[in-house]
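Everything below concerns the one structure shown next.
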Amino acid sequence: MAYQYDVLTIGLGPAGMAVSIMASEMGLKVAAIERRKIGGECMNVGCIPSKSLLRMAKVRHAVAKFPVMELEDGVAPALKQPFEKIQSYLKYINESKTVGMFKRIDLILQEGDAEFVDPHTVRVGEKTLTAKRIFIATGTRPAVPPIPGLDGIDILTNENIFELEGVPKSLLIIGGGAIGCEMAQAFQRLGCDATIVHMDPHLVPIGDPEAAALLEEQFQKEGITVHNSRMISKVALENGEVALYTDKDERLTGERLLVAAGRRYDFASLKLENAAVKHGKRGIEVDAHLRTSQRNIFAVGDCNGQFLLSHAAMHQGMLALMNAMMPFFLQKNFRKFVVPWTVFTEPQVSYVGKTEKELQAQGIKYETIKVKYEDYGAAIAEAVDVGYVKVFASKAGRIHGASIVGEGSGEMINEWALALQEKIRLHKLMLLQHSFPTMGFLSKRIAETWMMNRMQSGLVKKMAQFMYRL
Ligand SMILES: Cc1cc2nc3c(=O)[nH]c(=O)nc-3n(C[C@H](O)[C@H](O)[C@H](O)COP(=O)(O)OP(=O)(O)OC[C@H]3O[C@@H](n4cnc5c(N)ncnc54)[C@H](O)[C@@H]3O)c2cc1C
C-alpha cells in the first residue's frame, strides 16, 4: 500500500521534534501534527520558562544579598515583570529558532486533536493522513487531585503560571517534587511567600532523604515554609484567599494556589482503540524498542510514562526512529541508557544510576564515597559551599550511582552519567585531569578519595613501599 508519508508524528514536544527533524534530515517524507504550540510542554510551559524564571529569581536574590544595582521598591527594574519577559523569550525562540527547523516537514498546527482512524491513518480537523510509521509523542497534562473544594478554586498549574500578570503576595503549592520545589524558590525569591504542602515525608520524594533535608534547610533560610507528610482534607476560598486544611488541623492561606501534584495521561481524543494501541494508567505500553502493541506505531517521551524528562523524551525519539529502520539485531533497548536528572533549585539536586535505597533493596554491595563543598577552597571562596558529591561504587571502582547536591550539579552529573553508561571505573576518572577551580573538580576528588581508601589496606601499603624502594 502506498502511504502519503514515511513518518507521521503526533505531538511536537521534545520527543516529537526529535523524530520529525531527524527523519526530515534523512530525506524521509514527514508530517507532524501539534494541537497547541511547537516545543510542547518543555518549551512553552515547562523546562524553559521555569528555568528562565529561576534565573531571574536568582539574580534578584543575589542583588538583594549584594546590592550592586539600582533598585525600585527593593527590586531591580528589569525583574519587575518576569512573566512578560519570559513570554518575550519564548516568542523569540519560537519565531527565530524553532520554526526554521520545520521547513521540510508538513506541519499541521493548531487544527485540533489528532485521532486514529486505523493503524496507518490519522485524522485532524478536515485532514486525513496516512503514514508507514506513526510516532505518538503526546506527553502528559498536570494532574489535579480529588481534594474537596479544589474545583471551586481558580488554580494555577504549569499550564498557566508563566502567563501571570505579576507575582502574587503569597503562593500555596500542593506538591513537593521537582516542579513544586523549583516554583517555591523562584516565587519566594521574586518577593512572594511560598508554602509547600505535600503528602510525602520529604521533598523530591524520588530522591534520597539526605538531599531533601539539605534542600529543606536552604528553603527555610530563604523563608519558604515546607509542610511534609500532610494530607489535604479541604480547600476553600475564604475572604478572598485560598484556605487549605490539612489532617494536622492546620489552616494555611495564600493569595494563589499552584497544583504541582503529578501528571495525568489524556488519550481520549487520540482514539487509540482504532489502532489497537494498548495503554493503561501509566501511559501507552511500549516494548524495549519503544514499539506499541501495534508494530508500525511507536510511543515516545512522557506519553509512555517511563521517565517524564525532556532529555529522555528526545533520546527516545531518536532511538525509536533508529529502531524503525534497523534490522532487529541492531535495534536499541531504551532501558539500557542511563537517565540523569536534576532539580534546578539552589542548591541544584542531581542524580544518576541507583540510589542508596535501590542498592539496599537489590542487595548490591557498595561503598559510599562522599566529598563536601564546604571542604573545597573554590566553593568557599565563591560562597557556594553548601552540598556534597556522593557516589556509590564497588570496591573495584565500578560505579553504581551518584547524587550531587550543590552548585553546578546539573552539569557535573553528566560526567557520572557517561562513566556509568560506558562502564568507566573510578581509577580512570582519577587519571582524568579536571579543569580547576571548577565544581566538577569535586568529582575527581571522589575518585581520589576512593583510591586513598584502597591505600588503607596493609597489603596495598606494603606493596607500594616495596615497589617504591626497588
Ligand atoms: C514546570 C515544569 C518544569 C520542567 N522542567 C524540566 C527540566 O528542567 N528538565 C526536564 O528534563 N524536564 C522538565 N520537565 C518535564 C518536560 O517538560 C517533559 O518531560 C517533556 O516536555 C516531555 O516531552 P514530550 O515530547 O514527551 O511531551 P510534551 O512536551 O508534553 O509535548 C506533547 C505535545 O503533544 C501535543 N498533543 C497532545 N495530544 C495531542 C493530539 N491528540 N493531537 C495533537 N497534538 C497533541 C501537546 O499539545 C504537546 O505540545 C518540566 C515539566 C514542567 C511542567
Side-chain angles (χ1 to χ4, degrees), residues 8-21 31-55 86 94 98 107-116 122-125 127 129 134-143 156-162 173 175 177-184 186-187 258-272 283-284 286 290 298-318 320 339-345 348-350 410 413:
L8 169 61
T9 311
I10 307 175
L12 278 178
M17 283 180 71
V19 174
S20 24
I21 294 167
I33 305 171
E34 167 55 55
R35 68 179 171 195
R36 294 177 77 189
K37 289 184 181 169
I38 297 178
E41 173 181 87
C42 178
M43 175 57 70
N44 300 295
V45 290
C47 331
I48 302 299
S50 62
K51 267 75 247 178
S52 181
L53 192 71
L54 278 164
R55 174 69 73 174
I86 288 172
N94 193 17
T98 317
L107 193 56
I108 297 139
L109 193 58
Q110 293 173 359
E111 292 191 24
D113 287 10
E115 63 175 58
F116 279 95
V122 170
R123 190 163 41 222
V124 53
K127 297 190 173 86
L129 298 92
I134 298 174
F135 295 78
I136 307 172
T138 50
T140 59
R141 305 282 310 272
L156 295 169
T157 68
N158 69 292
E159 293 188 346
N160 57 2
I161 196 164
F162 302 110
I173 301 172
I179 300 173
C181 287
E182 290 181 359
M183 290 303 98
F187 275 77
L258 167 66
V259 178
R263 314 295 305 170
R264 76 183 163 88
Y265 300 94
D266 180 17
F267 299 131
S269 66
L270 265 179
K271 300 202 174 147
L272 292 173
I284 297 177
V286 287
L290 295 155
F298 293 77
V300 288
D302 286 12
C303 69
N304 66 28
Q306 300 291 322
F307 298 112
L308 310 193
L309 291 162
S310 282
H311 46 282
M314 291 178 224
H315 195 254
Q316 287 177 21
M318 176 184 77
V339 185
W341 57 277
T342 297
V343 182
F344 290 87
T345 43
Q348 292 180 355
V349 180
S350 302
I413 204 70

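In this text the structure is predicted, and so the values were computed from the model without any measurement. Counting starts at 1 for both ligands and their atoms, following the listed order.
- Residue-level proximity to ligand 1 for Asn158 is carried by the side chain, the only part with a heavy atom below 4.0 angstrom.
- Here the heavy atom of the protein found nearest to atom 17 (O) of ligand 1 is Glu41 OE1, 2.9 Å.
- Looking at Trp341 and Ile413, their side chains never come closer than 4.5 Å, going by heavy atoms from C-beta outward.
- Residue contacts with ligand 1: Ser310 is placed with a nitrogen or oxygen under 3.5 Å of a nitrogen or oxygen of the ligand (distance criterion only).
- For atom 9 (N) of ligand 1, the closest non-hydrogen atom of the protein is Cys47 SG, 4.0 Å.
- Heavy atoms of Met17 stay at 4.0 angstrom or farther from ligand 1.
- Scanning the protein for heavy atoms near atom 5 (N) of ligand 1, the closest one is Lys51 NZ, 3.1 Å.
- Among protein heavy atoms, the minimum distance from atom 26 (O) of ligand 1 is reached at Asp302 N, 2.8 Å.
- Nearest to atom 49 (O) of ligand 1 among the protein's heavy atoms is Glu34 OE1, 2.7 Å.
- Scanning all protein heavy atoms for the shortest distance to atom 42 (N) of ligand 1 gives Ala114 N, 3.0 Å.
- Every residue two or more places apart in sequence or in another chain that forms a salt bridge (charged side-chain N to carboxylate O under 4.0 Å, His left out) with Glu41 is listed here: Arg263.
- Annotation: Arg35 places an N or O atom under 3.5 Å from an N or O atom of ligand 1; distance criterion only.
- Residues meeting the salt bridge (charged side-chain N to carboxylate O under 4.0 Å, His left out) test with Arg35, sequence neighbours left out: Asp113, Asp266.
- Of the polar atoms of Pro14, at least one N or O is found under 3.5 Å from an N or O of ligand 1, judged by distance alone.
- Not one N or O of Cys303 is nearer than 3.5 Å to an N or O of ligand 1, by distance alone.
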